[in-house]
Amino acid sequence: MSNVSLEDIVSLCKRRGFIYQGSEVYGGLAGTWDYGPLGVALKRNIMQLWWKMFVDDLDDMYGVDAAILMNQKVWQASGHTETFTDPLVECSNCHGRFRADKIDTSKCPACGLKGTFGEPRQFNMMFKTYVGPVQDDNSISYLRPETAQGIFTNYKNVVDSFYPDMPFGIAQQGKAFRNEISPRDFVFRSREFEQMEIEYFVHQDQWENAFELWRNRVHDWFKALGLPADMLHELEVPKDDLAHYSKRTIDFEFDYPHGRDEILGMAYRTNFDLGNIQRASGKNMEYRPKDGGEAFVPHVIEPSFGVERAIMAVLVAAYTVDELHGEKRTLLKLPKHLAPVRCAVSPLLKNKPELVEKAKEVYASLKKEFGNVMWDDNGNIGKRYRRQDEIGTPYCVTIDFQTLEDNTVTVRDRDTAEQTRVAIAELLPGLA
RNA sequence: GCGUAGGUAGCUUAAAUGGUGAAGCACCACGUUGCCAUCGUGGAGAUUGAGGGUUCGAAUCCCUCUCUACGCUCCA
């Protein structure tokens, strides 16, 4: 378990503009969260890092961005339509829940009492909607409950356009929607969330190699997020618990404030999905090796990342309370490439026009270079430092009287609170 | 969805058996302040989660809804 409470994280996120309750002015909407200025910056930094690590920096990866609304046949072929729309009944005594079409509803199979079931209700994890003006069975569509199918449905397109060597992968980032029974634990389980998913296509004989390859890449990812190894755990999902199409799954877990829980999952899904599409669509999903070898329907390794779960882990790992000059201080020790604000610029005193003017110059030049630079002349210099500590700004640049004489500034380090004098000309490369 | 506990200013908390809703921090303005939450003055900010009811009078009592936390349940 981590030593920070979920309450601390939620409070800081709201107070400092990271994450707010969705629809808050109207009393909220369960399972939805809105990102404020700092939150969206952190989120984008994380997603961009992922894209760079797993698409741009690799030779065997292709990116896609599929539509959220998909032909309902996608969800029929994948099994979601069937498995997400069961009629359920609940026992009013023991609260056991059962498929109304699978049991004798006159008696509860769990507690044995009679007449405890009410009317069966459709329990549908997929958000249903109608596409087009006519609302009938043919126009039904769903908000995707996972992004993976958008990759599978484009597998053939990517092969036809690029004819990549096997193995190769397709990556996608995007929203997914699930009507969770009980959203819980801040952004950990919500009804609208963001996934980053990869389907890595291999010949069946190669799946174990690919599994290890991605297992290592996942650990590189954790390292890039600055997550300490002792807060991360691999859970080898027991054979009995595996989905019927999976031969092996590892849940990567993190020590969240609410307990040890999944941060991402990695599954060997065999050729279940492409096989389903081939059957349902009648299109040939076979890959023809360039060397003239036998054609085959590729198997896949699927590393599936949750953005919000990564954000939460990053915040939890970064959240630190220490003591500085006899005062308690809260800081986020975010990796600097993830920090929402790269650096803050301040005049030592805001009522000295010559300091303010010089500081504005420095601010403008840094802003031009990094973009995410914050101007702060509120209160006194100590308060500004503490405020920046709390949002994880790695550096604070202060323009003082010596700056006016020799064009040097002080750069104050978030973690050590140490200050060093740096020539303005050296500032850009120093902060990069 | 079920059970339990809650929701008071941006945050943290006060408000005796129903009787004008406060404070600290944060925020804004002015002054002060030569390097780690200075000090002073002034200001703004709350139909007490929403809606209804009881009452002369409701943050407080009742009902409905909503949101959050915890336990079940659920969980590609």
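Because the structure is predicted, anything quoted here is derived from the model rather than measured. We name chains A, B, ... by the order of the sequence lines, and we start the count at 1 in each one. Reckoned from all heavy atoms, side chains included, excluding hydrogens, waters and symmetry mates.
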Interatomic distance at [atom1], [N] relative to [M], whole Å:
N: B:U66; M: B:G24; atom1: C1'; value: 30 Å
N: B:U13; M: B:U32; atom1: P; value: 37 Å
N: B:U73; M: B:U54; atom1: C1'; value: 38 Å
N: B:C63; M: B:G6; atom1: P; value: 14 Å
N: B:A16; M: B:G51; atom1: P; value: 23 Å
N: B:U47; M: B:U8; atom1: P; value: 12 Å
N: B:A14; M: B:C56; atom1: P; value: 32 Å
N: B:G10; M: B:C70; atom1: C1'; value: 26 Å

Ignoring hydrogens and geometry beyond distance, is a side-chain donor-acceptor pair present between [X] and [Y] at under 3.5 Å?
X: A:Thr32; Y: A:Glu192; result: no
X: A:Arg421; Y: A:Thr408; result: yes
X: A:Thr147; Y: A:Glu197; result: yes
X: A:Tyr385; Y: A:Thr398; result: yes
X: A:Arg191; Y: A:Asn179; result: yes
X: A:Asn372; Y: A:Lys367; result: no

Quick one: label [X] by what it contacts on the DNA or RNA (base, sugar-phosphate, nothing), any heavy atom closer than 4.0 Å.
X: A:Gln419; answer: base
X: A:Thr410; answer: base
X: A:Ser304; answer: base
X: A:Gln195; answer: base
X: A:Ala30; answer: sugar-phosphate
X: A:Arg386; answer: base
X: A:Gly31; answer: sugar-phosphate
X: A:Lys328; answer: base

Please give, in whole Å, the distance from [N] [atom2] to [X] [atom1]?
X: A:Asp8; N: B:C11; atom1: CG; atom2: C1'; result: 12 Å
X: A:Leu6; N: B:G71; atom1: CG; atom2: P; result: 11 Å
X: A:Gln21; N: B:G10; atom1: CD; atom2: P; result: 15 Å
X: A:His325; N: B:U38; atom1: NE2; atom2: P; result: 12 Å
X: A:Leu331; N: B:A37; atom1: CG; atom2: P; result: 15 Å
X: A:Phe193; N: B:C75; atom1: CZ; atom2: P; result: 14 Å
X: A:His258; N: B:C70; atom1: NE2; atom2: P; result: 8 Å
X: A:Tyr395; N: B:C36; atom1: OH; atom2: C1'; result: 18 Å

Would you say the side chain of A:Arg412 and the base of B:C36 hold a donor-acceptor pair, judged only by whether the two atoms sit under 3.5 Å apart?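 Indeed there is one.
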
Does A:Arg184 contact B:G71 through a side-chain donor or acceptor facing the base, at a distance under 3.5 Å?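 For A:Arg184, whose side chain was compared with the base of B:G71, there is a donor-acceptor pair (under 3.5 Å).
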
Do A:Arg414 and A:Leu334 have side chains that get closer than 4.5 Å, going by heavy atoms?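 Result yes, sub-4.5 Å side-chain heavy-atom pair found.
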
Under 4.5 Å between any side-chain heavy atoms of A:Leu431 and A:Cys343, yes or no? yes

On RNA chain B, nearest-nucleotide positions of A:Trp33 versus A:Glu146: which is more 5'?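 That would be A:Trp33.
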
With nearest nucleotide decided by heavy atoms, which residue, A:Phe186 or A:Glu197, maps closer to the 5′ end of RNA chain B?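 It is A:Phe186, whose closest nucleotide lies nearer the 5' terminus.
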
Just how far is it from atom CG of A:Asp261 to atom CZ of A:Arg189, taken to the nearest 0.5 Å?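 Reported to 0.5 Å precision, the distance equals 6.5 Å.
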
Residue that, paired with A:Pro298, satisfies side chain to side chain contact (heavy atoms under 4.5 Å, CB included) out of A:Phe168, A:Trp207, A:Tyr200, A:Phe201: A:Phe201

Counting distance only, does the side-chain N/O of A:Gln172 pair as donor-acceptor with the main-chain N or O of A:Ala66 below 3.5 Å?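 Yes, the answer is positive, given that a donor and an acceptor are paired below the 3.5 Å cut-off.
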
Pairing annotation in dot-bracket form, given for RNA chain B with Watson-Crick or G-U pairs under 3.5 Å and | for cross-strand partners: (((((((..((((.....[..)))).(((((.......))))).....(((((..]....))))))))))))....

Of all the choices, B:C36, B:U73, B:C75, which nucleotide is nearest to the side chain of A:Arg189 once you look at every atom? B:C75

I need a per-nucleotide contact map over nucleotides 22-34 of chain B, read 5' to 3'. Cutoff is protein heavy atoms under 4.0 Å; write B for the base, S for backbone only, - otherwise. ----SSS---SBB

Does a side-chain N-to-carboxylate-O contact under 4.0 Å join A:Glu327 and A:Arg386? no

